[in-house]
Amino acid sequence: MWSHRPWRRNFRQVILHPEPTMETFSSKDLALQAQKKILSRMASKSMVNMFIDETSSEILDELYRVSKEYTKNKTESQKVIKNLIKIAVKIGVLFRHNRFSPEELVLAEDFKNKLHNGAMTAISFYEVEFTFEKDVLPDILMECKKLLLRLVEKHLTPKSHGRIQHVFNHFADSEMLNQLYDPKGSLRPHLQKMCHGLNKLIDEGKL
């Protein structure tokens, strides 16, 4: 069952596959590709926990349920969460290997700040009644998408860029967000759990 986090059950299908690079030969590049191969072949919960902690995985569970209830499409909802995890882990690998230039690290910080702002906004809309504005979160998500695409432009393939587009476009759906923030809607319990998780990540300095 998906509620038991199938991306953990079959990690090989979810995480990384080595991607070609245009850079010249270097041992550092080989080490990076080797780690990608290891990650892609190991179905270990401890491996995913290197990049996605328990609280984050619980938020992913709720995002999946929101998507599935809204779209009525289990396959599409599974795909978008898998794409989100693939991108998160790939970027985690790049960070661990210090692959980003100083200029790109500035972009990464901008992305982190924008994501933090989005999380705070999402929580505020939940905690303070009648403050939800349907265009605010989609705008923040689109800005996050642009920053992330710029960050990985030289590091990931067009296929991965497409995954980023897919994830952010999916969750920036204004009608889905309207239903999510409906105080009497069926998605409300999922929002409550997501905001609890986001608050925890913020308190721990992880978001």
Side-chain angles (χ1 to χ4, degrees), residues 1-16 39-40 42-93 111-112 114-127 132 137-138 140-141 144-145 148 160 163-207:
M1 293 294 291
W2 189 249
S3 60
H4 295 294
R5 303 184 183 90
W7 53 81
R8 292 182 176 183
R9 185 182 66 245
N10 198 348
F11 200 69
R12 181 180 303 176
Q13 295 177 358
V14 178
I15 308 299
L16 296 173
L39 282 168
S40 69
M42 293 187 67
S44 167
K45 179 178 178 180
S46 63
M47 295 300 288
V48 72
N49 285 341
M50 288 169 56
F51 302 100
I52 301 175
D53 63 18
E54 188 68 24
T55 302
S56 298
S57 67
E58 289 171 359
I59 293 172
L60 291 177
D61 286 346
E62 298 307 321
L63 283 173
Y64 166 74
R65 293 178 183 122
V66 167
S67 175
K68 188 178 72 169
E69 287 186 35
Y70 173 72
T71 64
K72 312 299 182 186
N73 188 331
K74 180 179 179 180
T75 301
E76 170 64 13
S77 299
Q78 289 178 352
K79 183 178 179 180
V80 75
I81 296 300
K82 286 181 179 181
N83 281 344
L84 194 161
I85 293 172
K86 287 178 181 179
I87 293 302
V89 174
K90 288 186 178 185
I91 293 173
V93 170
F111 172 77
K112 180 181 177 181
K114 182 63 65 175
L115 199 62
H116 176 85
N117 179 44
M120 294 292 290
T121 302
I123 293 167
S124 176
F125 283 164
Y126 167 70
E127 293 180 343
F132 174 70
L137 288 175
I140 293 174
L141 288 171
C144 285
K145 179 181 74 172
L148 193 57
S160 289
R163 290 189 177 111
I164 292 172
Q165 294 272 8
H166 179 218
V167 169
F168 281 94
N169 291 346
H170 184 84
F171 289 110
D173 184 323
S174 59
E175 182 54 37
M176 179 167 67
L177 291 169
N178 276 336
Q179 292 189 27
L180 181 63
Y181 279 91
D182 181 350
K184 298 181 180 179
S186 62
L187 300 180
R188 189 73 172 183
H190 304 306
L191 177 62
Q192 179 182 15
K193 292 176 183 178
M194 283 190 289
C195 288
H196 174 76
L198 291 172
N199 267 319
K200 186 175 180 182
L201 292 178
I202 291 170
D203 289 343
E204 293 173 352
K206 297 178 180 178
L207 182 60

Nearest 0.5 Å please: distance from the [atom1] atom of [X] over to the [atom2] atom of [Y].
X      : Y      : atom1 : atom2 : result
Gln78  : Lys74  : CD    : NZ    : 5.5 Å
Ile81  : Lys68  : CD1   : NZ    : 12.0 Å
Leu84  : Leu63  : CG    : CG    : 7.0 Å
Ser186 : Gln179 : OG    : CD    : 7.0 Å
Glu69  : Tyr64  : CD    : OH    : 10.0 Å

Item to check | Residue list, side chain to side chain contact (heavy atoms under 4.5 Å, CB included) with His166, at least two apart or on another chain | outcome: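 Applying side chain to side chain contact (heavy atoms under 4.5 Å, CB included) to His166 gives Glu76, Lys79, Val80, Asn83.
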
Next on the checklist: Run the side chain to side chain contact (heavy atoms under 4.5 Å, CB included) test against Leu207 and tell me which residues pass, sequence neighbours left out.
Outcome noted: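 Per chain and number, Leu207 pairs via side chain to side chain contact (heavy atoms under 4.5 Å, CB included) with Leu115, Ala119, Leu198, Leu201, Ile202.
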
Any idea which heavy atoms bring [X] and [Y] closest together, and the distance?
X      : Y      : result
Ala122 : Cys195 : O-SG, 4.0 Å
Phe168 : Leu141 : CD2-O, 3.3 Å
Ser67  : Met176 : CA-SD, 4.4 Å
Ile140 : Gly118 : CG2-CA, 3.7 Å

Item to check | Contact list for residues 169-188, test salt bridge (Lys or Arg N to Asp or Glu O under 4.0 Å), sequence neighbours left out | outcome: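 Checked against salt bridge (Lys or Arg N to Asp or Glu O under 4.0 Å) - neighbours excluded - no pair reaches residues 169-188.
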
Checklist entry - Could you give all pairs that pass the salt bridge (Lys or Arg N to Asp or Glu O under 4.0 Å) test and reach residues 194-207, with sequence neighbours left out? => result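 Listed by first then second residue: Asp53-Lys206, Glu204-Lys206.
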
Next on the checklist: Going by side-chain hydrogen bond (donor to acceptor under 3.5 Å, both in side chains), name the residues that satisfy it together with Lys145, two or more places apart in sequence or in a different chain.
Outcome noted: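 Only Gln165, Asn169 meet the side-chain hydrogen bond (donor to acceptor under 3.5 Å, both in side chains) criterion with Lys145.
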
Next on the checklist: Using the side-chain hydrogen bond (donor to acceptor under 3.5 Å, both in side chains) criterion, which residues pair with Gln192? Sequence neighbours excluded.
Outcome noted: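 For Gln192 there are no side-chain hydrogen bond (donor to acceptor under 3.5 Å, both in side chains) partners, ignoring immediate neighbours.
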
Any heavy-atom pair between the side chains of [Y] and [X] that's under 4.5 Å?
X      : Y      : result
Asn199 : Glu127 : yes
Lys193 : Asp61  : no
His196 : Glu62  : no

Checklist entry - Counting distance only, does the side-chain N/O of Ser77 pair as donor-acceptor with the main-chain N or O of Asn73 below 3.5 Å? => result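 Side chain of Ser77 to backbone of Asn73, a donor-acceptor pair under 3.5 Å: yes, one is there.
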
Next on the checklist: Tell me whether Tyr181 contacts the main-chain N or O of Leu191 through its side chain, where contact means a donor paired with an acceptor under 3.5 Å.
Outcome noted: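 Side chain of Tyr181 to backbone of Leu191, a donor-acceptor pair under 3.5 Å: no, none is there.
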
Next on the checklist: Is there a side-chain contact (heavy atoms from CB on, under 4.5 Å) between Glu54 and Glu58? Walk through the geometry before answering.
Outcome noted: CA-CA 6 Å; Glu54 188 68 24; Glu58 289 171 359; 3.7 Å; yes

Checklist entry - Using 30° and 60° as the class limits, which term best fits the ring planes of Phe132 and Phe125: parallel, tilted or perpendicular? => result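 Correct class here is perpendicular.
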
